[in-house]
Amino acid sequence: MLTAHDEEEDERFYRDTESTAFPKLSDHQLTLLEPLGSRRIVRRGEVIFPAGARDFPMVVVIQGELEAYETREDVEQILACPGPRDFVGEVSMLNGTSSIAAVRGKADETEILEIPAIKLRKALAELPGVGEPVVQAFMMRRQRLRRDRELAGLRILAHPAVRVHGASMISWTRTTSRTASSIPPHWSAAPCASAWA
């Protein structure tokens with residue numbers, strides 16, 4: 001059972017790690033990342049990549065807002081709402097495993113920079129001032145997700161087209177179906193951010 005002390009420890013952890021997990025990209029970092037990808041406009045509801053996708057791109061929000069979400073038992077849960085200078089991604093991008101959530105446009109129009117995973121993996125070691133904060137953010141997001149007490153086990157998660165040696169990918173996810181209004185406060189880094197985005 002969760003004690004008041006445990007809750008305080010969790011809140012302190014999430015508060016203390018927020019800036020590492022959800023850094024805003026600087027002008028210099030955006031300039032270094034720009035040649036790796038391409039810009040495009042995403043409309044409200046347009047899916048950038050589905051849950052279970054492999055080799056999904058890192059997505060930088062230039063203008064507008066996105067939603068990272070998962071659907072479980074026909075209940076959609078918003079996990080994050082990244083805005084300008086935020087980036088969407090996590091450790092699975094670096095090791096080529098499946099995404100744990102889908103990402104779509106939230107604003108009427110959102111301008112994004114999509115950086116293919118293969119280019120990102122190569123460039124992270126070569127870009128001074130970009131690789132370290134991005135990798136630290138990905139690792140901290142995973143650590144925050146694992147610390148979440150709602151993370152209770154494994155779930156089979158793969159896009160229908162994604163198969164590895166004939167089997168679906170397995171990915172760690174939460175096992176509850178909550179609505180966006182019941183997202184724990186320690187998931188907030190922005191008006192709607194989480195341990196994932």
Side-chain angles (χ1 to χ4, degrees), residues 2 10 13-14 17-18 20-23 42-61 64-83 86-108 110 112 114-117 120 134 137-164 167-197:
L2 195 62
D10 283 350
F13 170 77
Y14 290 109
T17 61
E18 189 167 316
T20 301
F22 305 105
V42 176
R43 310 263 183 242
R44 180 188 306 271
E46 181 181 339
V47 175
I48 299 169
F49 58 83
R54 290 184 51 151
D55 289 320
F56 55 99
M58 180 169 114
V59 178
V60 178
V61 179
E65 190 174 26
L66 301 175
E67 287 181 319
Y69 66 97
E70 79 169 339
T71 303
R72 184 170 277 237
E73 299 172 7
D74 296 324
V75 175
E76 190 173 276
Q77 181 176 339
I78 304 301
L79 302 175
C81 297
D86 290 333
F87 57 93
V88 177
E90 54 121 355
V91 170
S92 60
M93 293 180 69
L94 303 179
N95 60 22
T97 58
S98 299
S99 69
I100 62 171
V103 176
R104 66 180 172 212
K106 180 176 180 183
D108 289 336
T110 300
I112 62 170
E114 284 183 300
I115 302 168
L120 179 68
V134 168
F138 289 172
M139 291 170 49
M140 184 55 69
R141 290 172 187 181
R142 180 60 59 99
Q143 188 176 352
R144 289 166 61 105
L145 187 62
R146 284 186 176 150
R147 185 177 176 122
D148 191 313
R149 297 184 194 291
E150 304 250 344
L151 179 66
L154 288 172
R155 174 180 125 189
I156 304 299
L157 177 67
H159 186 269
V162 177
R163 307 293 278 183
V164 176
S168 297
M169 292 300 297
I170 298 175
S171 190
W172 284 100
T173 60
R174 285 169 309 289
T175 59
T176 60
S177 297
R178 293 175 301 190
T179 62
S181 63
S182 67
I183 293 174
H186 64 264
W187 283 16
S188 294
C192 175
S194 79
W196 190 82

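For the residue pair M93 and L120, the shortest heavy atom distance occurs at CE-CD2, 3.5 Å. What you find for V61 and G83 is that their closest heavy atoms are CB-O, 3.1 Å. For the pair A137 and F87, the tightest heavy-atom approach, listed with the atom from each and the gap, is CB-CZ, 3.7 Å. Across every non-hydrogen atom of G96 and D55, the tightest pair is CA-OD1, 4.0 Å. The heavy-atom pair separating G64 from A107 by the smallest distance is CA-CB, 4.2 Å.
Atom CZ of residue R54 and atom OG1 of residue T97 lie 7.5 Å apart, to the nearest 0.5 angstrom. To the nearest 0.5 Å, the span separating OH on Y14 from CE on M140 amounts to 11.0 Å. Interatomic distance, R142 CZ to R146 CZ, rounded to the nearest 0.5 Å: 5.5 Å. Distance CG/L66 to CD1/I112: 6.5 Å, rounded to 0.5 Å. The line from SG of C81 to CD of E67 is 5.0 Å long, rounded to the nearest 0.5 Å. We find the CD1-CD distance between I48 and E114 to be 6.0 Å, quoted to the nearest 0.5 Å.
When E46, E65, E76 are each tested for a salt bridge (Lys or Arg N to Asp or Glu O under 4.0 Å) with R104, only one passes: E76.
A 4.5 Å side-chain heavy-atom check between Y69 and V47 finds at least one atom pair inside the cut-off. The side-chain heavy atoms of V59 and F49, taken from C-beta on, include a pair separated by under 4.5 Å. The shortest distance between side-chain heavy atoms of V134 and M58 falls below 4.5 Å. Side-chain atoms of T17 and Q143, non-hydrogen and from C-beta on, never get closer than 4.5 Å to each other.
S99 contributes a side-chain N or O that, together with a main-chain N or O of P50, makes up a donor-acceptor pair within less than 3.5 Å.
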